[in-house]
Structure formats: structure tokens, C-alpha cells
Amino acid sequence: MAPALTIPSVDEAPLLQAKKNGVDSQTKFEVLENYDGEYRFAPIEEAQVSRAMIKRYFNMMYDRAVSDVVIIGAGSAGLSCAYHLAKSRPDLKITILEANVAPGGGAWLGGQLMTPMVVRKPADRFLTELGVPFEDEGAFVVIKHAALFTSTILSKVLSFPNVVMMNATAVEDLIIREDYQGKQRVAGVVTNWTLVALNHDTQSCMDPNVITAPVIVTATGHDGPMGAFSAKRLVSTGLLKELGNMRGLDMNRAEPAIVNGTREVVPGLIMTGMELSEHDGSNRMGPTFGAMFASGIKAAKEAIRVLDTHQVVNGKIVA
Ligand code: AHZ
């Protein structure tokens, strides 16, 4: 039998970290990693926990009130976009907003709540880049569990220093205003805690907050309780005449249509993933995910193109 793991120590590491964080503490504390009934934690004040979260979260909100790129929706398309963008452009402040508590959208499962995830070639190259293992079936590959893709890409995206994600945060509206040429441009997002957004019918006015950015990527999926948010808002603001409405399932037509159609649909707003099927009136593909990865990557390339071809000052396109 393996011996019980017991590592008694007076731990210097928290002290060093505390010093680095500007905390004035000379207290040394004993910790013990013992799984035979003697496990001992470093002491803590409850208020320290509150402050550790609050200062980070609200500093992050303060900083990201002006972002370089906001991505609405952390499903397979939004996360693929975030990964490619963060990797290609470490200089950009990328802010992901996800209405759900759990990011990942529909990518925790394959079709009909089954666990395997199917990806048509050549989108398997993205899986190789991420280090997600799969079985090769010739024209397509299969990941043993969709959650393996989603947890891997999530952990990689969140590890980029230039990416932040606010989940449980819904985009309730878009900032739309005239740009330097007098054209209507999407220039930011209007946000609220999702639990507030879901209760506008039960409470008197609970005003939102805003984030401005020269580029917004919308990846809110097809129509549903929250889905196709920006496409629907474009219609109600008159920037889009009507929704194209997602058409019936045709895998061979749907996937290239979504990837090749990924674009800046109105100035400042790039649309990716299944939201585009509602905007353009293209087919759905059902449970094959390659188009979501490739559309996300294309959205990232589009975002870089927009940023590189305009002059941005304080989060606004000025030329
Ligand atoms: O919670 C939503 C989900 O995580 C989030 N979202 C939607 N509206 C939002 C809002 N503010 C913030 N107003 C919002 N977040 O957007 C995410 C969309 O993820 P998804 O997985 O639904 O969409 P996707 O386009 O990334 O992937 C679609 C996957 C599908 S659906 C489909 C079919 O029905 O045929 N086939 C595939 C591959």
C-alpha cells in the first residue's frame, strides 16, 4: 500500500504572493497536506475572500468598459473565434460575454444528447492544434465526448492573458451610432446580469451597463430563448429588413454556407456560427461541428481585418 501523503510545511509561498499583491502581512502560517485526518488550511478572514473577488472582477469590468473586441456568446463558434483571435493578436483586449452560467453553448453534447462530437475534415486540423484527440473515420473525425472539446478550448481561451469572460451576463442591446462617415455602426454592447435581464417583466426599470469596442463578434446561436440575439435586434432597429430564418437540415449545404458567409454584416458587427443561419436564411447542419470552428476562425480573421484597416482611438473607429 502506498504511504499516506503528508507534507508538513511552514509555507513561504503565500507570503511571497501576498507581498507581490501589496498586502502587508508578516504572518507565517502552518499548512499541512495530510489525508489521514490532519489536513490544515492557511487561516482566512471572510472579508478577504469578498475583497479578493470584488477587486479583480470590478477592476476587470472597469478596464474592459473599453475593449478591442467583444464576443457575444461562448458556444463553439464564439470560443473558436476567441482562441484564434487571442493567439494571433496578444495585443488585443478580448472580452467574452456569455448569458449562461456555464459557457459552452450547445457543445457539451453531440446530437440528441449523445456524447460523441462529429467534425468534418478539414476542421479536424483545429482539434489537432488544440490537442483534442479523436478517431478518424475518413471524411470526418469523432471526439469521444463533446465536453472534451469544450473543456479544452475553454481552458485554453481563458489562459490567454488578453482574454476575459463575464458569464451570467447577457447582452440586452447594441450600441448603434453614426460613425465618422455618417454611417450607422455597431459600436458596443449593452449588458446586464442575466438574472436581471430575465426579470424585466417582473420589476420596474433596471437599467443596464455598456461596453464599447470597435469590433463586436456576435455568436449567439440560432433562434431560441436567447439565441440569434443580434440578428433579431438588427431587424428591430431597421438595419436588417427581415430575418432570413434558418432553413431545414442539409449538412453538405449548411456547413460551407456558414463558414463562407461569416462576415461583417453591418459595420462593426461580425456574425459567426448558427446565428448567421437566421440572418442569411441558410440550412442547419445538425450535430456536425466543423463549421462552427471554421466560422469562428474566419470571424477572428475578419475582426483583425477591420481593426487593421481602421484607425481606433479610445475604442472608437475614427478613420
Ligand atoms: O447562452 C448562449 C450560448 O452559450 C449565448 N448567448 C445567446 N444570446 C446571448 C446574449 N448575451 C450573451 N444575448 C448569449 N450570450 O450564445 C451561445 C451560443 O452558443 P450555441 O452553441 O447555441 O451557438 P453556436 O453557433 O456557437 O453553435 C451552434 C451549434 C449547432 S446548432 C445546430 C443545429 O441546430 O443544426 N448545429 C450546430 C453545430
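We number each residue from 1, following the sequence as shown. Note that ligands are numbered from 1 as they come in the structure, with each ligand's atoms numbered from 1 the same way. Note that this is a predicted model, so its numbers are computed, not measured.
With a 4.0 Å cut-off on non-hydrogen atoms, Thr272 does not touch ligand 1 at all. Counting heavy atoms under 4.0 Å from ligand 1, residue Met274 touches it through both backbone and side chain.
For atom 12 (C) of ligand 1, the closest non-hydrogen atom on the protein side is Ala99 N, 3.3 Å. Regarding atom 16 (O) of ligand 1, its nearest protein heavy-atom neighbour is Gly73 CA, 3.2 Å. Nearest protein heavy-atom contact of atom 34 (O) of ligand 1 is Arg284 NH2, 2.5 Å. Ranking the protein heavy atoms by distance from atom 8 (N) of ligand 1 puts Met226 O, 3.0 Å first. In terms of protein heavy-atom proximity, atom 24 (P) of ligand 1 is nearest to Met292 SD, 4.0 Å. Looking at atom 9 (C) of ligand 1, its nearest protein heavy atom turns out to be Thr220 CG2, 3.8 Å. Scanning all protein heavy atoms for the shortest distance to atom 3 (C) of ligand 1 gives Glu98 OE1, 3.5 Å.
Note: an N/O pair closer than 3.5 Å links His222 and ligand 1 by distance alone. Taking only nitrogen or oxygen atoms, main chain and side chain alike, Ala77 reaches within less than 3.5 Å of ligand 1. Considering backbone and side-chain N/O of Gly286, one or more are found under 3.5 Å from N/O of ligand 1. Not a single N or O atom of Thr169, backbone or side chain, sits closer than 3.5 Å to an N or O atom of ligand 1. Here's the thing with Gly106: one of its N/O atoms is less than 3.5 angstrom from an N/O atom of ligand 1.
A donor atom on one side chain and an acceptor atom on the other are found under 3.5 Å apart for Ser236 and Arg233. No hydrogens or angles considered: nothing links the side chains of Thr191 and Thr169 as a donor-acceptor pair under 3.5 Å.
Centroid-to-centroid, the aromatic rings of Tyr39 and Tyr35 come within less than 6.0 Å. Aromatic rings of Phe293 and Phe149 (six-membered ring for Trp) have centroids within the 6.0 Å cut-off, being under it. Taking the six-membered ring wherever Trp is involved, the centroid distance between the rings of Phe29 and Phe41 does not fall below 6.0 Å.
Heavy-atom separations between Thr288 and ligand 1 include at least one value shorter than 4.0 Å.
Residues in residues 290-307 take part in these salt bridge (Lys or Arg N to Asp or Glu O under 4.0 Å) pairs, two or more places apart or across chains: Glu264-Arg305, Glu302-Arg305. Applying the salt bridge (Lys or Arg N to Asp or Glu O under 4.0 Å) test to residues at least two apart or on different chains, the pairs with a partner in residues 268-283 are Arg263-Asp280.
Of the candidates Leu276, Thr194, Val171, Val189, it is Val171 that places a heavy atom closest to atom 13 (N) of ligand 1. Closest heavy-atom approach to atom 18 (C) of ligand 1 within the set Ala219, Gly104, Gly105: this belongs to Ala219.
The residues Arg40 and Glu33 are annotated as not salt-bridged, no charged nitrogen and carboxylate oxygen being separated by less than 4.0 angstrom. Between Glu255 and Arg120 there is a salt bridge, since at least one side-chain N of the basic residue sits less than 4.0 Å from a carboxylate O of the acidic one.
A donor-acceptor contact shorter than 3.5 Å links the side chain of Asn59 to the backbone of Lys55.
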